[in-house]
Structure formats: structure tokens, C-alpha cells
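These numbers were taken from a predicted model, which means no experiment stands behind them. Side chains are part of it too, since the values below use all heavy atoms of this structure and drop only hydrogens, waters and symmetry mates. Labels below follow one simple rule: chain letters A, B, ... track the order of the sequence lines, proteins then strands, and each chain is numbered from 1.
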Protein chains: 2
Amino acid sequence: MGTETNKMPKAKYESIYRDLKDQIEAGEYPSGKLLPSENVLCETFGCSRNTIRRAVGMLASDGYVQSQHGKGIWSIYEPSDQTTFVVGGIEPFAEAARRNGREPGTRLIDFKEITVDKEMSKRSGFPEGSEVYYIERVRLLDGKPLIFDINLFLKSAIPGLTPELAAGSVYAYAENEKGLKVTTSRRKITAERASSKDKHNLDLKDYDFVCVISSQTYSADGTMFEYTRSRHRPDCFCFIDTAFRPDSGNRNTALVKQA
Amino acid sequence: MGTETNKMPKAKYESIYRDLKDQIEAGEYPSGKLLPSENVLCETFGCSRNTIRRAVGMLASDGYVQSQHGKGIWSIYEPSDQTTFVVGGIEPFAEAARRNGREPGTRLIDFKEITVDKEMSKRSGFPEGSEVYYIERVRLLDGKPLIFDINLFLKSAIPGLTPELAAGSVYAYAENEKGLKVTTSRRKITAERASSKDKHNLDLKDYDFVCVISSQTYSADGTMFEYTRSRHRPDCFCFIDTAFRPDSGNRNTALVKQA
DNA sequence: GCCGATTTGTCCGTATGTATC
DNA sequence: CGATACATACGGACAAATCGG
């Protein structure tokens with residue numbers, strides 16, 4: 001390991017994507033301003049048009065730019081105000097917290113090993129009889145208990161998990177120690193009445209409801225290894241998404257959503 | 001116009017995408033089952049590998065499939081149970097309702113023409129002084145008032161809007177009559193305490209909070225023409241999303257999110 | 001552990017279509 | 001009408017991961 005900055009992108013399209021994203025965030029292309037044409041970008045970055053289109057497509061799926069057929073590509077980037085906790089891609093809680101400029105903390109509430117029963121199978125998507133770790137954790141942001149997490153992790157995918165590890169980052173353990181490759185996560189956002197556990201563990205003020213992200217996460221070999229319900233204090237919760245209209249002339253060559 | 005089914009896809013990648021999606025939804029590839037290899041799919045559909053990869057990428061961004069480097073592409077599709085109203089892409093309310101198997105209805109509450117002031121500018125993203133239509137509507141599903149919509153539409157983008165039109169589909173008018181091309185929408189999902197208007201207009205039962213989708217929508221020429229806040233009854237609301245882990249080996253060539 | 005076949009991932013060059021100006 | 005710009009599609013090349021022998 002050298003002293004280079006972390007996460008050197010290997011792929012060309014990714015480094016171009018990051019370059020352009022940085023430029024947009026730095027204000028070089030405020031909302032409404034046209035970017036250079038694809039052909040110019042090809043020369044600038046010394047690559048083919050396909051590669052440029054891939055990077056631009058990723059920016060479009062992030063809601064940073066928009067392109068129109070005969071005209072060009074322009075920025076529609078609006079910096080967000082960051083008063084709430086913005087939920088992003090698949091990332092460990094600590095990373096998400098720092099991305100939002102908050103100091104993360106974790107309080108372990110419960111840790112046990114259980115077998116998935118019929119009712120739990122129906123809700124989680126794990127087959128009945130699966131052996132899983134059941135973990136309850138309170139997540140702190142700048143010291144305040146704002147998120148109540150309930151995790152089910154498949155034991156066969158992450159053997160050897162302990163309460164001590166669960167108090168830190170399960171993902172760090174799974175990816176670095178166990179070689180687990182996390183790929184896809186399907187998430188549902190809903191809101192529910194606050195449970196007594198929510199009220200007990202979270203600093204809910206006088207709110208009596210929570211925002212809930214229920215997610216099923218898959219590893220590279222296609223097995224679902226995690227089911228999580230994250231219960232958020234509503235005034236500190238924000239989920240952002242960008243959608244496209246498929247039937248319109250614009251059909252962005254968008255790529256994977258990049259956090 | 002002939003008798004052909006609506007929305008004949010012009011692009012090859014799109015018709016392949018739909019074919020595969022239909023097959024997966026029909027149960028030909030239950031979760032865990034491997035799809036044919038890209039080269040086989042090339043022969044099946046009579047196209048190049050790039051085109052196949054594009055269609056597969058769209059399926060991945062829909063959370064239907066997942067691919068791994070030397071192995072293949074398999075289904076991770078789990079049919080949803082459809083007890084709630086699932087929010088999808090950019091689509092008129094009536095379409096979304098029918099996609100969820102519900103009968104849509106609209107009740108116009110308010111319609112006026114206003115000028116955006118400072119406070120409203122800050123929240124909506126419209127420049128101060130913009131001339132907009134202000135519309136309040138209650139959306140019915142199977143006759144039940146479940147969604148309270150507040151729209152701001154830019155007058156210059158959709159001139160000639162009337163209460164009568166607003167009682168139907170503004171999008172149909174804007175796209176078909178005015179030639180507006182809708183492309184991108186940025187959305188935030190939050191939850192808020194129910195306002196007195198919510199309680200008055202919606203059938204909230206004993207819920208005292210609502211799920212809110214705030215969206216800014218852009219036309220093909222890059223102007224933001226719509227700001228909307230959709231306030232949903234929480235027990236009938238569900239927002240679904242698929243996320244990817246960028247640093248993992250798998251980097252899906254995913255395309256635009258397709259409803 | 002090595003090798004070769006298969007499969008996906010990245011990248012390129014090119015051609016053609018179509019919308020905008 | 002021509003020039004410019006994005007959209008679609010093809011074919012080829014090589015790298016890297018996986019799996020079986």
C-alpha cells in the first residue's frame with residue numbers, strides 16, 4: 001500500500017465520472033450550463049465516445065445532468081442543504097454519517113442467534129429455518145440516537161460474528177475478513193407508528209411515528225445475506241431519488257447508481 | 001394509427017429488456033436461476049453483445065437480476081405482494097394507479113395563478129417572481145382519498161391550463177397538446193405530521209402523519225417546470241428502490257430506471 | 001496447482017439515424 | 001440545406017473471474 005489517495009478508480013469511465021462530478025459540485029457547471037459536447041470530452045479525456053457516454057449516463061442517473069438529442073448536455077445540479085440525514089447507496093453507517101458531516105456512534109441493544117420462523121420468513125425473505133444473527137442497534141449522529149436498526153444476517157455468509165464486532169461495522173468484518181462481496185440491495189421506504197422500542201431507544205421528541213427503510217441485500221454469488229429494518233426519526237430523515245420518463249425522447253444511458 | 005398495441009418500442013435494447021422482464025415476471029427465471037449467457041442471448045435476439053448488456057443492465061437497475069464476473073447472470077426477482085400503493089417512475093397518477101391495480105379518481109380542491117415569493121422559491125426551487133399555476137388535488141384510489149397533491153406548474157411551460165384540465169391529467173395536456181417533453185425528476189421522500197388540510201381532505205383514519213414525496217421535474221430543454229408535494233396516507237404508501245455497491249467487483253452496466 | 005474453456009467487464013472504432021440550429 | 005450533437009447498434013479486442021479437468 002502506498003500513500004496514494006484511497007480508492008483509485010481502475011476503470012476509465014469511473015475516473016471520468018468522478019472528475020466531472022467533482023467539477024459540477026465545485027460549481028464549474030451551475031444548473032443550466034451546457035457541458036462540452038461528447039466529442040470534445042472524448043478529446044479532453046482521451047477516450048472513445050462510448051466511455052464518455054457511460055460516465056455522463058452515471059451523472060444523469062445521479063440527477064446531476066440531463067442531455068437532449070441535438071442540443072447537448074447540461075447541468076441540473078442543485079446543491080442540497082444538508083439539514084437532514086440523506087440516505088445514499090449501500091454503505092456502512094459510519095460512512096453515511098461522515099458523508100452527511102455527522103459524527104457516527106453505535107449502541108448495541110441486542111445480539112442473538114436465532115432460527116427464522118414462518119412469520120419472520122414471510123417478512124424478511126429468508127427461507128424458514130435459516131440460521132441468522134439477530135441484532136438490534138441504536139445509531140447515533142453527533143451523539144443523538146436517531147436511528148434504530150434491526151438486522152438479520154445469514155450465519156453461513158458471515159460466520160463468527162460477535163457482539164463486539166456488531167458494535168462496530170459488520171460490513172467491514174464481512175468484506176475484509178470474510179471476503180463477502182456486497183452487490184445489490186432492494187429497499188422499501190415506508191412510515192410506521194412508533195413502537196415502544198422506538199420510543200425507548202430513540203430521541204423521538206414528540207413524534208409518534210418513524211420512517212422505515214426495509215432492505216434485502218445480496219452478495220455477489222446471488223444469496224441474500226441481510227435483511228434490515230432501519231427506523232429513523234422523521235425530522236432527520238431524507239431519501240433522495242432521481243427518476244426518468246422512459247417514453248420521452250431522452251433516454252439516458254445511465255449507469256449504476258453511485259451512492 | 002393502426003390497431004397495434006400501444007408503445008411499440010423502437011429501440012432494440014428496449015424490446016429485449018421488456019421481453020426478458022416479462023419472462024422473469026412470468027416465472028421462467030425464479031430467484032436464483034441462471035439466465036442464458038450473454039453470447040447465447042445475442043444469438044437468441046439476433047443482436048450484438050452491447051445491446052444485450054444494455055438490456056440486462058436495465059434489469060439489474062430494476063433489481064430483477066444480478067451478474068457476476070466469470071459466472072453469469074441470475075434472477076433475484078421476488079414478486080411483491082401489492083397491498084400498498086407502490087410509487088414508480090415519472091408517470092401520470094392514473095397510470096400509476098392502474099399499474100397497482102386500482103381505480104383512479106381526482107377531486108380538484110384549488111386552482112389559482114400565483115407569483116412565486118421568496119419563501120416559496122426557497123422550498124420549490126423556482127426563481128422568485130416565476131408565474132405558476134397553484135393546484136391542490138385529492139387523489140382517489142378505488143374511491144378512497146389517499147393522496148393529497150400540491151402542484152406548482154410553470155405557466156410559460158404549460159400555457160392555457162384550466163381547472164377543467166387540472167381535474168384530469170395535466171401531463172396528458174402538457175405532452176400531447178403543448179409538446180412538452182418530460183425527462184428527469186428529482187424526488188425526496190420524507191414523513192411529516194399531518195396538517196389540518198391533510199386531515200380534512202384525506203381519509204387518514206387515526207394516523208396523524210403522512211408520507212411526502214417532494215419532486216422537481218425537468219423538461220427536455222432543461223427547465224424545471226414542476227414542483228410537487230404528494231402527501232400520502234402512510235399505510236398505503238410504499239417507495240421501492242434498488243441500490244448497488246460501487247466498490248464491489250460487480251459493476252452493473254445498468255441503464256435508466258424504467259418505472 | 002496449473003491450464004483451458006466459458007463468461008462477464010472494459011474499451012475502442014465505426015456506421016447510421018435523428019433532433020437541433 | 002448543411003453542420004453539429006446526441007442515440008442506437010455493430011463488431012472486435014483484450015482483461016479478469018470462475019469453474020472443471
Please give, in whole Å, the distance from D:dT8 P to B:M58 CE?
10 Å
Using atom NZ of B:K10 as one end and atom C1' of D:dA9 as the other, report the distance to the nearest whole Å.
17 Å
Restricting to side chain to side chain contact (heavy atoms under 4.5 Å, CB included), what partner residues turn up for B:L165, sequence neighbours left out?
B:L161, B:T162, B:Y173
Rounded to the nearest 0.5 Å, what separates atom CZ in A:F244 from atom OH in B:Y218?
12.0 Å
Can you tell me how far C1' of D:dA5 sits from CH2 of A:W74, to the nearest Å?
11 Å
Which residues pass the side chain to side chain contact (heavy atoms under 4.5 Å, CB included) test with A:P30, sequence neighbours left out?
A:K33
Taking only residues two or more places apart in sequence, or in another chain, which ones meet B:D19 in a side chain to side chain contact (heavy atoms under 4.5 Å, CB included)?
B:F45
Per-nucleotide protein contact string for nucleotides 12-21 of chain C (B base, S sugar-phosphate only, - none; heavy atom under 4.0 Å)
BB---BBBSS
So, OP1 or OP2 of C:dG9: does either fall under 4.0 Å of a side-chain N or O from B:S67?
yes
Given atom CZ of B:R53 and atom P of C:dC11, what is their separation to the nearest angstrom?
11 Å
Could you state the CG-C1' distance from B:L35 to C:dT8, rounded to the nearest angstrom?
13 Å
Identified pairing partner of D:dC6, criterion: Watson-Crick or G-U wobble below 3.5 Å:
C:dG17
Within this structure, what is the CD-to-P distance between B:E38 and C:dT10, rounded to whole angstrom?
11 Å
Partners meeting salt bridge (Lys or Arg N to Asp or Glu O under 4.0 Å) with A:E164 (sequence neighbours left out):
none
Send over the distance from B:E43 CD to D:dC10 C1', rounded to a whole Å.
16 Å
For atom CG of B:N39 and atom C1' of D:dA13, their distance in whole Å:
14 Å
Sorted by chain and number, sequence neighbours left out, side chain to side chain contact (heavy atoms under 4.5 Å, CB included) with A:S121 holds for A:V116, A:E128
